[in-house]
Amino acid sequence: MATIQCTLAPFISGSSSEKIPFVFLPHRGQIVHPSREIGFPGVKMPMCAVSAAQYLTTNGWAELRNPIDTDVPFRLFRDEGRIYLQWLGEPELRQRMQGRLVLVHLMCRDMTPRLLLEESRAALHQDDMQMPNQNIFTPCIAFRVVGTPIKYVTSKCFVALLLCLYLV
């Protein structure tokens with residue numbers, strides 16, 4: 001799957017924002033980076049859906065899908081007007097994504113009524129003022145998952161980790 005260039009939507013909290021944060025991938029159904037919402041600068045009322053997901057490998061970008069149902073393992077979650085990224089991946093997929101750079105593609109529409117858009121107010125007929133804006137845009141969300149890619153974890157490391165866990 002080729003990567004399409006896209007504008008990165010930042011993770012925001014208050015006045016700070018991060019375009020590619022370092023995050024823990026949560027358990028299925030939980031929010032990725034729950035302390036930060038997804039921002040769409042310059043858009044007042046975004047309506048978005050996840051269209052695809054990819055992760056970076058040594059050979060380039062690979063498609064990211066659940067092995068059981070082949071669905072994209074993310075969706076957007078709205079809460080009190082804020083938009084968050086929700087993980088829907090299987091446990092083994094979550095483990096395989098450790099240490100990876102992930103890119104989630106979105107398909108969005110700006111649903112801001114034209115009445116609220118200052119620059120278009122003079123050019124519109126009065127009946128068209130309440131119609132939603134038709135701007136379609138395709139941003140992406142990127143993040144790096146905490147951990148080491150499975151390919152680089154050797155059996156010696158795994159045995160040492162089990163021994164440490166047993167002794168604790």
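- Checked against side chain to side chain donor-acceptor pair (under 3.5 Å), T70 has no partners two or more places apart in sequence or in another chain.
- Two residues are said to be in side-chain contact when any heavy atoms from C-beta on lie closer than 4.5 Å; I31 and F77 meet this criterion.
- Partners of R82 according to the salt bridge (charged side-chain N to carboxylate O under 4.0 Å, His left out) rule, which considers only residues two or more places apart in sequence or in another chain, are E37.
- Scanning for side chain to side chain contact (heavy atoms under 4.5 Å, CB included) contacts around P21 gives F11, E18, V23, H33, F143, with sequence neighbours left out.
- Under the side chain to side chain contact (heavy atoms under 4.5 Å, CB included) criterion, L8 pairs with K19, I20, L103, C140, A142, sequence neighbours left out.
- By the 4.5 Å side-chain criterion applied to Ile, Leu, Val, Met, Phe, Trp and Tyr, V146 is assigned to a cluster that also includes F22, F24.
- L106 CG to I141 CD1: the interatomic distance, rounded to the nearest 0.5 Å, is 4.5 Å.
- Every pair passing disulfide (SG to SG under 2.5 Å) that includes a residue from residues 13-103 is listed here, sequence neighbours excluded: C48-C108.
- With sequence neighbours left out, the side chain to side chain donor-acceptor pair (under 3.5 Å) criterion links Q95 to no other residue.
- For T7, there are no side chain to side chain contact (heavy atoms under 4.5 Å, CB included) partners, not counting sequence neighbours.
- With sequence neighbours excluded, the residues satisfying side chain to side chain donor-acceptor pair (under 3.5 Å) with R75 are Q86.
- Residues meeting the side chain to side chain contact (heavy atoms under 4.5 Å, CB included) test with D69, sequence neighbours left out: N66, D71.
- Here R144 pairs with nothing under the side chain to side chain donor-acceptor pair (under 3.5 Å) rule; sequence neighbours left out.
- Other residues sharing a hydrophobic cluster with L88 under the 4.5 Å side-chain heavy-atom criterion for ILVMFWY residues do not exist; the residue is a singleton.
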